[in-house]
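Here's the structure, in structure tokens; my notes come after.
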Amino acid sequence: MEAAKLELEETLMVFEASLSHIKWRLKPSSKSRLQTDILALCSSMRPCIMVDYGGKMPELGHRLCAFLTQCKKVSSIFELLHVMVIDEMIYLINARTLADFVKSSLTMETTMLFVDLENDPPKLMTRAEKSHATTQLLSAQNLFSSVFHADGIISDHLLRHDSGPHSVGDAESLVDLSCCLKECDVTIPTLNGWLLGYPVIYLFGKDYIERAVCNLSTKSLHIYQFIVDRVDKSSKGHQKEELMSFTVPYDLSMEGSSEAWAKSFLAEMQVKWDKCKHIWGSLHMEVNACYPQAIAL
């Protein structure tokens, strides 16, 4: 445990030093989110995180690449972390953890349900129920399986070093998987739901985007949040941070935190948390309801 605490101190020190070195001045809220995300990746709590803060593409990509490159120069703790882009979306990933997650998805070891948004009212589906949209997602999962390997190695042909007009950085291992959307024809919300590790994924094909938007915008939702509590030595207190969150239609999750899949997913997260209690003192799930609102998919 002492070694783990020393590694945490090194991670936080390198985090601060690298931001300072590249002169990236983030807003306090964005800096806090980035730190939480980096810790979640380094500790394998999450395999992939979408970065929707700290700026816009392509500048955000440049800064993230420069930041990770600097971190890797200083410490081996960051060696498995990479920047991944899919069209205009940008992610931070742990290559080895992502490889394990992809494998568990394909072998059906990972808890996963679908909300079918092609029909009104939406309904919950299991992976045993085949559809064109699930086939598209499976194609994407197989593509990811060919890219990320158990030893953390990434297929060379998908590492991007170009300096073209859409290049987002000069990192040693910038993974460009924009081809995923073209080759697999999977919709972005479905891909993100799986990639970000949500246990319930919105499912619909590209021919049903308008219907999916209509179905979701007229439904009340449950927001599931996973909150961690980290000891903050600087303030000698505890700092609550959101590790991840996702939504599920209210009518399909009437029991909230007592839903069987929610209990199962929380148990999976607690197993991961048990290995990194030196980072976070607690992990719990909060469920809140929200009224229908306009949603863009």
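Since the structure is predicted, the reported quantities are computational estimates derived from the model, not experimental observations. Keep in mind that the numbers below use all heavy atoms, side chains included, and drop hydrogens, waters and symmetry copies.
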(Q) Testing the basics here: between T36 and E242, what is the closest heavy-atom pair and its distance to 0.1 Å? (A) CG2-O, 4.0 Å

(Q) Going by the rule ring pair (Phe, Tyr, Trp, His ring centres under 6.0 Å), which residues pair with Y91 if we only count those two or more places apart in sequence or in a different chain? (A) none

**Q.** V287 reachable from Y250 in the ILVMFWY side-chain graph, under 4.5 Å edges
**A.** no

Q) Can we call the ring centroids of F101 and W194 under 6.0 Å apart? A) yes

Q | Within-4.5 Å side-chain heavy-atom neighbours: V85 and L177 | A | no

(Q) Centroid separation under 6.0 Å, is that true for the rings of F67 and F15? (A) yes

Q: Please tell me if the side chains of L68 and L92 come closer than 4.5 Å, counting only heavy atoms from C-beta onward.
A: yes

**Q.** C42 versus T11, closest heavy-atom pair with distance
**A.** SG-CG2, 4.5 Å

Q) Between CG of L221 and CG of L216, what distance do you get to the nearest 0.5 Å? A) 5.5 Å

**Q.** side chain to side chain contact (heavy atoms under 4.5 Å, CB included) between K275 and M45, worked out
**A.** CA-CA 9 Å; K275 299 175 183 177; M45 278 290 286; over 6 Å; no

Q) From M89 CE over to L195 CG, what is the distance, rounded to the nearest 0.5 angstrom? A) 8.5 Å

Q | In one Ile/Leu/Val/Met/Phe/Trp/Tyr side-chain cluster, 4.5 Å: I201, L124 | A | yes

Q) Is D52 paired with R33 through a side-chain N to carboxylate O contact shorter than 4.0 Å? A) yes

Q: May I ask you to decide whether E59 forms a salt bridge with R63, counting only side-chain N to carboxylate O separations under 4.0 Å?
A: yes

Q | Closest non-hydrogen atom pair, I154 against V175 | A | CD1-CG2, 3.6 Å

Q) F265 and Y224: aromatic ring centres closer than 6.0 Å? A) no

Q: Measure from the side-chain N and O atoms of H222 to the backbone N and O of S253, and report whether any donor-acceptor pair falls under 3.5 Å.
A: yes

**Q.** Residue pair K103, S145: steps toward the side chain to side chain contact (heavy atoms under 4.5 Å, CB included) verdict
**A.** CA-CA 7 Å; K103 181 181 178 181; S145 179; over 6 Å; no

Q | Same apolar cluster: F114 and F246, side chain cutoff 4.5 Å | A | yes

(Q) Could you check whether any side-chain N or O of E259 sits under 3.5 Å from a backbone N or O of E255, counting only pairs where one atom can act as donor and the other as acceptor? (A) yes

Q: Give a yes or no answer on whether the side chain of D116 reaches the backbone of F204 with a donor-acceptor pair at less than 3.5 Å.
A: no

**Q.** T69 (side chain) donor-acceptor with C65 (main chain) under 3.5 angstrom
**A.** yes

**Q.** NE2/H149: more than 12 non-hydrogen atoms of other groups inside 6.0 Å
**A.** yes

Q. Is the backbone N or O of S131 less than 3.5 Å from a side-chain atom of T135, with the two atoms forming a donor-acceptor pair by type?
A. yes

Q: Find out whether L106 and N142 are in side-chain contact, i.e. whether some heavy atom of one side chain is under 4.5 Å from a heavy atom of the other.
A: yes

Q.
Taking NZ in K206 as the centre, count heavy atoms belonging to other residues, nucleotides or ligands within less than 6.0 Å. Is the count above 12?
A. yes

(Q) Looking only at side-chain N and O atoms, does S105 offer a donor or acceptor that is under 3.5 Å from a partner on Q141? (A) no

Q) Atom CG in L98, atom CZ in F144: separation rounded to 0.5 Å? A) 6.5 Å

Q | Student check: side-chain heavy atoms of R127 and M108 closer than 4.5 Å | A | yes

**Q.** Test log, rule side chain to side chain contact (heavy atoms under 4.5 Å, CB included), inputs L60 and Y53
**A.** CA-CA 9 Å; L60 176 59; Y53 55 87; over 6 Å; no

**Q.** Distance (rounded to the nearest 0.5 Å) between Q70 CD and S20 OG
**A.** 10.0 Å

Q: State, with a plain yes or no, whether a side-chain heavy atom of L19 is found less than 4.5 Å away from one of L34.
A: yes

Q. Is Y208 atom OH crowded by more than 12 heavy atoms from other residues, nucleotides or ligands, each under 6.0 Å away?
A. no

**Q.** N94 side-chain N/O to L41 backbone N/O, donor-acceptor pair under 3.5 Å
**A.** yes

Q) side-chain hydrogen bond (donor to acceptor under 3.5 Å, both in side chains) between Y202 and T247: does it pass, once the steps are laid out? A) CA-CA 9 Å; Y202 291 132; T247 63; 2.7 Å; yes

**Q.** Donor + acceptor pair across side chains of Q136, S139 (<3.5 Å)
**A.** no

Q. Taking atom CG of L117 and atom CD1 of I209, what is their separation to the nearest 0.5 Å?
A. 11.5 Å

(Q) How close do D120 and K219 get, counting heavy atoms only, and between which atoms? (A) OD1-NZ, 3.2 Å

**Q.** R46 side-chain N/O to A40 backbone N/O, donor-acceptor pair under 3.5 Å
**A.** no

Q | D176 side-chain N/O to S178 backbone N/O, donor-acceptor pair under 3.5 Å | A | yes

Q | Salt-bridge contact E241-R230 (side-chain N to carboxylate O under 4.0 Å) | A | yes

Q.
Contact between I279 and W273 at the side-chain level, heavy atoms closer than 4.5 Å - yes or no?
A. no

Q. Any sub-3.5 Å donor-acceptor pair from S245's side-chain atoms to Q225's backbone N or O?
A. no

Q) Just how far is it from atom CE of M50 to atom CG of N192, taken to the nearest 0.5 Å? A) 4.5 Å

Q | Residue pair F148 / D100, side-chain heavy-atom distance below 4.5 Å | A | no

Q) Do you know which two heavy atoms are closest between A133 and E118, and how far apart they sit? A) CB-OE2, 4.1 Å

Q: Check whether I77 and L80 end up in the same hydrophobic cluster, where Ile, Leu, Val, Met, Phe, Trp and Tyr are linked by side-chain heavy atoms less than 4.5 Å apart.
A: no

Q: Please name the pair of heavy atoms, one in A140 and one in V186, separated by the smallest distance, quoted to 0.1 Å.
A: CB-CG1, 4.3 Å

Q: May I ask you to say whether K31 pairs ionically with E16, meaning some side-chain N is under 4.0 Å from a carboxylate O?
A: yes

Q | Connected via hydrophobic side-chain network under 4.5 Å: L196 and L138 | A | yes

Q. Any side-chain donor-acceptor pair under 3.5 Å between S32 and S29?
A. no

Q) Looking at side-chain heavy atoms only, is the closest gap between P199 and M112 below 4.5 Å? A) no

Q | Intermediate values then yes/no, side chain to side chain contact (heavy atoms under 4.5 Å, CB included), L113 and M125 | A | CA-CA 6 Å; L113 289 172; M125 290 175 52; over 6 Å; no

Q: Might you work through the side-chain hydrogen bond (donor to acceptor under 3.5 Å, both in side chains) test for T187 and T190, ending with a clear yes or no?
A: CA-CA 5 Å; T187 56; T190 297; 3.0 Å; yes

**Q.** Main-chain N/O of C214 paired with S217 side-chain donor or acceptor, under 3.5 Å
**A.** no

